[in-house]
Number of protein chains: 2
Amino acid sequence: MNLSTEALLNLLKDKNIRPSYTRIKIMEYLAARRTHPTADEIYSNLLHEIPTLSKTTVYNSLNTFVKAGLVRTVTIEDNEARFDADTSDHGHFKCDMCGNIYDFPVDMAGLHTKGLSRFIVKQRDIYFKGTCPGCLENNIN
Amino acid sequence: MNLSTEALLNLLKDKNIRPSYTRIKIMEYLAARRTHPTADEIYSNLLHEIPTLSKTTVYNSLNTFVKAGLVRTVTIEDNEARFDADTSDHGHFKCDMCGNIYDFPVDMAGLHTKGLSRFIVKQRDIYFKGTCPGCLENNIN
DNA sequence: GAAGGGGTTTGTATTAATTACAACTTTATT
DNA sequence: AATAAAGTTGTAATTAATACAAACCCCTTC
């Protein structure tokens, strides 16, 4: 990830999404960090840069990106959606102590399932939960 | 699944959950079908059997079950939580046409991940999305 | 069997994420 | 510059979920 603004511009153009100032800022924000922010986090953090920003715009833009396949929704938690600009195959781990969400590599080809031969699978999400190394250390005290 | 009422009673007792009439009805409802209902569906369907039932009670009971590990929350969709009384390892497939959620077997042991050696993993959720065989057939017309 | 107490249920009010929608603004096209 | 199309904004509405206090039920103890 961590695309240049120009690469991002082409990414949007390829999907027929007009690369407005706001959309580019939101995509840049998402692509620049791997924190899987909520819509509200994106809104709050961009507000000082785009003082006229509205939360509806954040939702509109995110939904546009998700429909175009540029962004993926992470529903690891039941109370709020998170967003990820990395659409390549990988899993998400949520630490139940600090709440951080970590990416981890997954061998999707080696993931053996049964009974899905007649299903068309378009999306695969792998969500793990537990405790992260940092919180495990802090907890020893 | 599909436990007898008595087996259910012992299941609750083992977890120190008092087996009230309402709780048993909710657990029976969950255990009897594999439709992964929402809290609202459970509420609506039990209302004719328990006319005094309150939606808060459904949420309270479900949260109690989830904390005790008897029920698992399915967050395959971002707008509502679903519930599953089958806590054994398996994946969930949601059809984007009919909305049904299907269980499928997954070989968790063969699921190869990287970078998690120092993490403690307590829960694994596998969510697939796409189109189910029934909807694929109907769509040919 | 009455009194008391802990846990359970209920209803209402509240919170918070998300969407609906109409007005307004910006951008593209002629 | 005029006009149309698309994007943005703010407010209101929707809806899942929780907070909380009152009412209720069941079990124990006197």
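When reading the values below, keep in mind they use all heavy atoms of this one structure, side chains included, and skip hydrogens, waters and symmetry mates.
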Worksheet item: Going by the side-chain hydrogen bond (donor to acceptor under 3.5 Å, both in side chains) test, which pairs reach into residues 61-78 of chain B, not counting sequence neighbours?
Response: B:R72-B:D125, B:E77-B:K94
Worksheet entry | Whole-Å distance separating the NZ atom of B:K55 from the C1' atom of D:dA16 | 8 Å
Worksheet item: Just how far, in rounded Å, is P of C:dA16 from CD of A:E80?
Response: 11 Å
Item to complete: Answer yes or no: is there an ion pair linking B:R34 with B:D103, defined by an N-O contact shorter than 4.0 Å?
Response: yes
Discussion item. Expressed as a whole number of angstroms, how long is the span from B:L12:CG to C:dG7:C1'?
Written reply: 15 Å
Worksheet item: Who passes side-chain contact (heavy atoms from CB on, under 4.5 Å) against A:R18, sequence neighbours left out?
Response: A:R23
Worksheet item: Parallel, tilted or perpendicular: which fits the ring planes of A:F104 and A:F128, with parallel below 30° and perpendicular above 60°?
Response: tilted
Discussion item. Counting primed atoms plus P, OP1 and OP2 as sugar-phosphate and everything else as base, spell out the protein contacts along nucleotides 22-30 of chain C at 4.0 Å heavy-atom distance: B, S or - for each nucleotide, 5' to 3'.
Written reply: ---------
Discussion item. The criterion is side-chain contact (heavy atoms from CB on, under 4.5 Å); which residues satisfy it with A:L9, sequence neighbours excluded?
Written reply: A:K13, A:P19, A:I24
What donor-acceptor contacts under 3.5 angstrom involve side-chain atoms of residues 107-118 of chain A, with partners at least two apart or in another chain?
{"from": "A:D107", "atom 1": "OD1", "to": "A:A109", "atom 2": "N", "distance (Å)": "3.3"}
{"from": "A:D107", "atom 1": "OD1", "to": "A:G110", "atom 2": "N", "distance (Å)": "3.3"}
{"from": "A:D107", "atom 1": "OD2", "to": "A:G110", "atom 2": "N", "distance (Å)": "3.4"}

Worksheet item: Separation of B:I17 atom CD1 from C:dG6 atom C1', in whole Å?
Response: 17 Å
Worksheet item: Heavy atoms under 4.0 Å, any strand shown: does A:T22 hit a base, just sugar-phosphate, or nothing?
Response: sugar-phosphate
Fill in: Atom-to-atom span, CG of A:D40 to P of C:dT18 - whole angstrom
9 Å
Worksheet item: How long is the line joining CZ of B:R23 and P of C:dT10, in whole Å?
Response: 11 Å
Practice prompt. For DNA chain C, find the residues of residues 56-76 of chain A with a heavy-atom distance under 4.0 Å and give them by number; none if there aren't any.
Written response: A:T56, A:Y59, A:N63
Practice prompt. For A:E41, check side-chain contact (heavy atoms from CB on, under 4.5 Å) against everything at least two apart and list the hits.
Written response: A:P37, A:T38, A:N45, A:R82
Discussion item. Going by side-chain contact (heavy atoms from CB on, under 4.5 Å), name the residues that satisfy it together with B:N100, two or more places apart in sequence or in a different chain.
Written reply: B:C98, B:Y102
Worksheet entry | salt bridge (Lys or Arg N to Asp or Glu O under 4.0 Å) contacts touching residues 43-57 of chain A (sequence neighbours left out) | A:K25-A:E49, A:D40-A:K55
Worksheet, complete the sentence: To the nearest angstrom, the CG-C1' distance between B:N79 and D:dA16 comes to 9 Å
Worksheet item: What pairs with A:D89 under salt bridge (Lys or Arg N to Asp or Glu O under 4.0 Å), at least two apart in sequence or on another chain?
Response: none
Worksheet, complete the sentence: Note: contacts of residues 43-54 of chain A with DNA chain D (heavy atom, under 4.0 Å) are A:T52, A:L53, A:S54
Worksheet item: Can you check the A:I42 CD1 to D:dT8 C1' distance for me, whole Å?
Response: 17 Å
Response to the item:
residues 30-62 of chain A vs ring-ring contact (aromatic ring centres under 6.0 Å, His included), sequence neighbours excluded, gives A:H36-A:H92
